[in-house]
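In what follows, a structure is listed as structure tokens, so that the remarks can point back to it.
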There are 2 protein chains.
Amino acid sequence: METTVKVKFWEFLREQGLRQTAQREAILDLFLDSGGHISPESLFNTVKRAHPHIGYSTVYRTLKLLAQSGLAQEVHFHEDQTLYDRKSEQHDHLVCVRCGRVVEFQFESVERLQSEIARQQGFLPQRRKFEIYGLCRECQQRTA
Amino acid sequence: METTVKVKFWEFLREQGLRQTAQREAILDLFLDSGGHISPESLFNTVKRAHPHIGYSTVYRTLKLLAQSGLAQEVHFHEDQTLYDRKSEQHDHLVCVRCGRVVEFQFESVERLQSEIARQQGFLPQRRKFEIYGLCRECQQRTA
DNA sequence: ATAGATGCAAATGTTTTGCAGGAAA
DNA sequence: TTTCCTGCAAAACATTTGCATCTAT
């Protein structure tokens with residue numbers, strides 16, 4: 001079933017007149033394996049094992065393509081580094097400030113609240129960022 | 001009443017064994033005048049008028065101090081630049097993706113939703129980011 | 001054959017740091 | 001006077017770009 005995602009990316013490339021390459025495939029595979037929330041840096045370090053000569057630029061460029069194709073989404077939990085998240089339905093995140101763990105959640109009520117607030121202020125909402133930062137269960141125990 | 005805020009900053013500095021300087025005062029004044037959401041860059045450009053020899057580093061360092069003192073808060077609406085927002089109660093933002101306008105809002109229900117979601121996942125919430133991106137009223141008209 | 005893709009090195013933009021001289025306490 | 005600040009230039013980062021060389025189509 002990951003195959004389906006892969007095929008979508010190849011289709012996207014074809015539509016854009018772009019090419020299917022070994023590097024792009026390796027990067028896509030790692031991105032999918034990661035289960036989401038991967039940084040260009042760690043992806044680069046991993047992909048180097050299979051492609052020792054690959055450059056950072058190829059990783060960055062491919063990740064941008066994944067974002068354009070709609071398969072990935074850029075997120076910014078840790079201020080100065082971009083992570084790439086697997087795109088599914090609109091969802092939000094809980095981020096542990098100690099261990100960095102990220103848990104996704106999806107609540108109807110967030111959606112409703114967003115529409116409601118935007119309407120009141122005359123905004124036409126397009127997307128949102130809802131991130132709750134705190135301590136996950138494990139880190140609470142290690143602290144207390 | 002801005003004076004009160006200023007006094008708080010001087011107190012903070014004194015407690016930390018730090019000093020009150022003309023540059024810090026100029027930066028604080030501009031930060032307060034801006035009404036929030038100011039970038040180091042624009043603050044630097046403005047403060048240069050009164051202090052032609054001031055350096056970027058002084059601006060950055062002072063803004064960090066303001067954040068540490070609890071008077072300011074770093075926010076990241078536009079991916080690659082940090083803005084400094086005046087810290088008041090926890091509040092959230094609507095950001096216009098076209099003109100960059102930022103509107104703050106404060107809804108009891110966001111607070112409740114945050115607690116509810118965190119509880120369900122076993123997180124101890126500390127802070128959040130809730131930003132709705134879209135078109136403000138004016139930009140909708142210019143588009144449609 | 002031809003438009004694209006790659007890898008490298010150099011450039012970018014933002015933020016930080018080292019340091020010598022200057023100022024607040 | 002002592003400790004902290006400042007401004008400058010240089011360093012650090014993450015990310016992007018120019019370009020000559022390769023490669024998928």
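Below, read A as the first sequence line, B as the second, and so on, with proteins coming before strands; counting in each chain starts at 1.
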Between D:dC5 (C1') and B:L65 (CG): distance, integer Å: 11 Å
Pair B:R101 + B:E138: basic N to acidic O under 4.0 Å: yes
Residues touching DNA chain D, which here means a heavy atom under 4.0 Å, drawn from residues 15-28 of chain B: B:G17, B:L18, B:R19, B:T21, B:Q23, B:R24
Interatomic distance where CD belongs to B:Q68 and P belongs to C:dT16 [whole Å]: 11 Å
Same cluster (ILVMFWY, side-chain, under 4.5 Å), A:W10 and A:F12: yes
Interatomic distance where CD belongs to A:E41 and P belongs to D:dC13 [whole Å]: 11 Å
Spacing of B:Q81 atom CD relative to D:dC13 atom C1', expressed in whole Å: 16 Å
Aromatic plane relationship, B:F130 with B:F105 - under 30° parallel, 30 to 60° tilted, over 60° perpendicular: perpendicular
Integer-rounded Å distance: D:dT16 C1' and A:E74 CD: 13 Å
Nucleotide C:dG13, atom P - distance to CG of B:N45 in whole Å: 15 Å
DNA chain D contacts among residues 46-64 of chain A, heavy-atom distance under 4.0 Å: A:S57, A:Y60, A:R61, A:K64
Check: B:H93 ring centre within less than 6.0 Å of B:F77 ring centre: yes
Test item: side-chain donor near acceptor, A:E74 and A:Y84, under 3.5 Å: yes
Between CD1 on residue A:I38 and OG1 on residue A:T46, distance to nearest 0.5 Å: 5.5 Å
Any donor-acceptor pair under 3.5 Å from B:T62 side chain to B:V59 backbone: no
Aromatic ring proximity, centroids under 6.0 angstrom, B:H53 and B:H51: no
Length of the line joining A:F44:CZ and C:dC8:C1', which is rounded to integer Å: 11 Å
